[in-house]
Amino acid sequence: MFPRLAEESRQLRDLLGQVHDHAATVAEGLADRPVAKPDQTVPGRDLTADGIGTDAALRDFADRWQPGFSGSAGPRYLGFVTGGATPASIAGDWLTSVFDQNPTTATDSSAVGFEAEALRWLADLFGLSPDHGASFVSGATMSNLVGLALGRQWAGEQLGVDVAEAGLAALGELPVLSGSPHSSIVKSMAILGMGRKALRTVPTLADREAVDVDALAAELEALSGRPAIVVANAGTVNTVDFDDLTAIADLRRRYPFWLHVDAAFGAFAALDDEHAHRVAGLDAADSICVDLHKWLNVPYDSAVQFTRRRDLQAQVFRNAAAYLGPLGDNPDPVHLTPENSRRLRALPVWFTLAAYGRAGHADIVRRDIALARRLGEHLDASPGYRLLAPVRLNVVCFTAAGDPQRVHELNAAITASGETFLTPTVYKGVPGLRAAFSNWRTTETDVERVAALLDSLAT
Ligand SMILES: *Cc1c(COP(=O)(O)O)cnc(C)c1O
């Protein structure tokens, strides 16, 4: 064995203890670290032939690279929809690496059964019936991709074509209809060979991002019975608007379509009695995307994919190999998602749900919603800013009063301050900024600091 590796194998407990202390210090200091650190220059170092050992590697990392890492896991990072990592989820994540399980089949360990328990807990959290099968994937993009791949296979089934065998060319154009789809839907369409141009953007309701269900019905009518995919949105990134899922699901009585719901973070509305009605009808979907590294507050990368048609899933993602055996009614995970070998993503999810339960996670959701509302009220009352949409859930979408073009300059100043990080957007043609609340650590004091910064930058 390479001498240094042999030595570190004897010092394993000490080494892991050292890294543990270092990580705990970082975690404790998250609220004080600059929230964003753009455009750093870090002096490079070449790969050494013999290595420097884990101890020296930790010091080199801490000296050169760590200072430039953002506070994205901390309480005032409000860009994208980012979430954080609960203590229990970090514990689960550490164990994921230690056990290093590959939950592809149930032939050698209980890891696949463990995943099934975590997936059952997730279905319960979102109020989904046992008719939904579930799989872990790396993020909402991959979950949307799987959902669309199932819709593609389903459309083939309607027309007597096995797309997984014959290819998409045998099916022809497959329209995807959606009001305000996330960019990852379009990316998935490109990957799946459906093509970005197969997207038909359906008009939304006035001053909303929610689809106009009558307009959707008219577009489906115009397809004259040809199968399509409808992507309904439960929580848009700009204004967290929700399509009427029940009304859309009802349209399936009149038109043949696969209903995929992108509920990447909107699904968490189900945990708050005041907002649960927004996701009414979610269970009726054919496939559902929910991100876990956002509002569940587990570390990257993690998402879940639900579907009522596990049989189609195995048709698409079947990984036939002599040593893997026949599929049966309950196929191993290796036959259900794009990956073959995978990380045991269930561990952080299982730990955080076991540790805090439904009530703990509902509390994170409710607090984040209250904090978004508070910042929204502050900006609404401030002469320097104007809300671009009401604060429906956990995102505040706003612009500069007067000249909205000023948000570019504002955003640069906000990022440079290190106090918070927001992401720019364009909403209904107007440049704006979004502040998204999804971290368990964020408090009212953080909102006050963000509000004070925005006040100081207003003209
Ligand atoms: C974040 C998000 C996605 C993409 O998620 P990733 O985790 O970045 O892959 C898709 N849809 C919606 C609505 C999202 O908010």
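For reference, positions follow the sequence shown, starting with 1. Counting starts at 1 for both ligands and their atoms, following the listed order.
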Please verify the inter-ring angle class for His20 with Trp94; under 30° counts as parallel, over 60° as perpendicular, anything in between as tilted.
perpendicular
Any Ala303 heavy atom less than 4.0 Å to ligand 1:
no
Among non-hydrogen protein atoms, atom 8 (O) of ligand 1 lies closest to Thr141 OG1, 4.1 Å
For the pair Phe126 and Phe268, name the ring-plane relationship: parallel under 30°, tilted 30 to 60°, perpendicular over 60°.
perpendicular
Closest non-hydrogen protein atom to atom 3 (C) of ligand 1, residue and atom name please, with distance?
His182 CE1, 3.2 Å
Within a distance under 4.0 Å of any heavy atom of Ala264, pick out the atoms of ligand 1 and give their elements.
2 (C), 11 (N), 12 (C), 13 (C), 14 (C), 15 (O)
Donor-acceptor contact present, side-chain Asp243 to main-chain Leu245, <3.5 Å:
no
Should you measure from each heavy atom of Phe265, which atoms of ligand 1 turn up under 4.0 Å away?
15 (O)
Proximal ligand 1 atoms for Asp291, defined as those under 4.0 Å from one of its heavy atoms:
1 (C), 5 (O), 6 (P), 7 (O)
For atom 1 (C) of ligand 1, the closest protein heavy atom turns out to be Lys294 NZ, 1.3 Å
Is the Phe61 to Phe69 ring centre distance short of 6.0 Å?
yes
Atom 11 (N) of ligand 1 [closest protein heavy-atom partner, distance rounded to 0.1 Å]:
Asp262 OD2, 2.8 Å
Residues Asp124, Arg120; criterion salt bridge (charged side-chain N to carboxylate O under 4.0 Å, His left out); working and verdict:
CA-CA 6 Å; Asp124 182 39; Arg120 244 190 359 264; over 6 Å; no
Please list, in number order, the atoms of ligand 1 under 4.0 Å from a heavy atom of Gly235.
13 (C)
Is the closest heavy-atom distance from His293 to ligand 1 below 4.0 Å?
yes
For the pair Asp241 (side chain) and Ala210 (backbone), establish whether a donor and an acceptor sit closer than 3.5 Å, ignoring hydrogens and angles.
yes
Hey, are Asp207 and Lys428 close enough for a salt bridge, meaning a charged N less than 4.0 Å from a carboxylate O?
no
For Asn144, state whether at least one heavy atom is located under 4.0 Å from any atom of ligand 1.
yes
Using only heavy-atom distances, determine whether the side chains of Ser178 and Asn233 contain a donor-acceptor pair under 3.5 Å.
yes
In the protein, what heavy atom is nearest to atom 5 (O) of ligand 1, and what distance, to one decimal place, separates them?
Ala140 CB, 3.1 Å
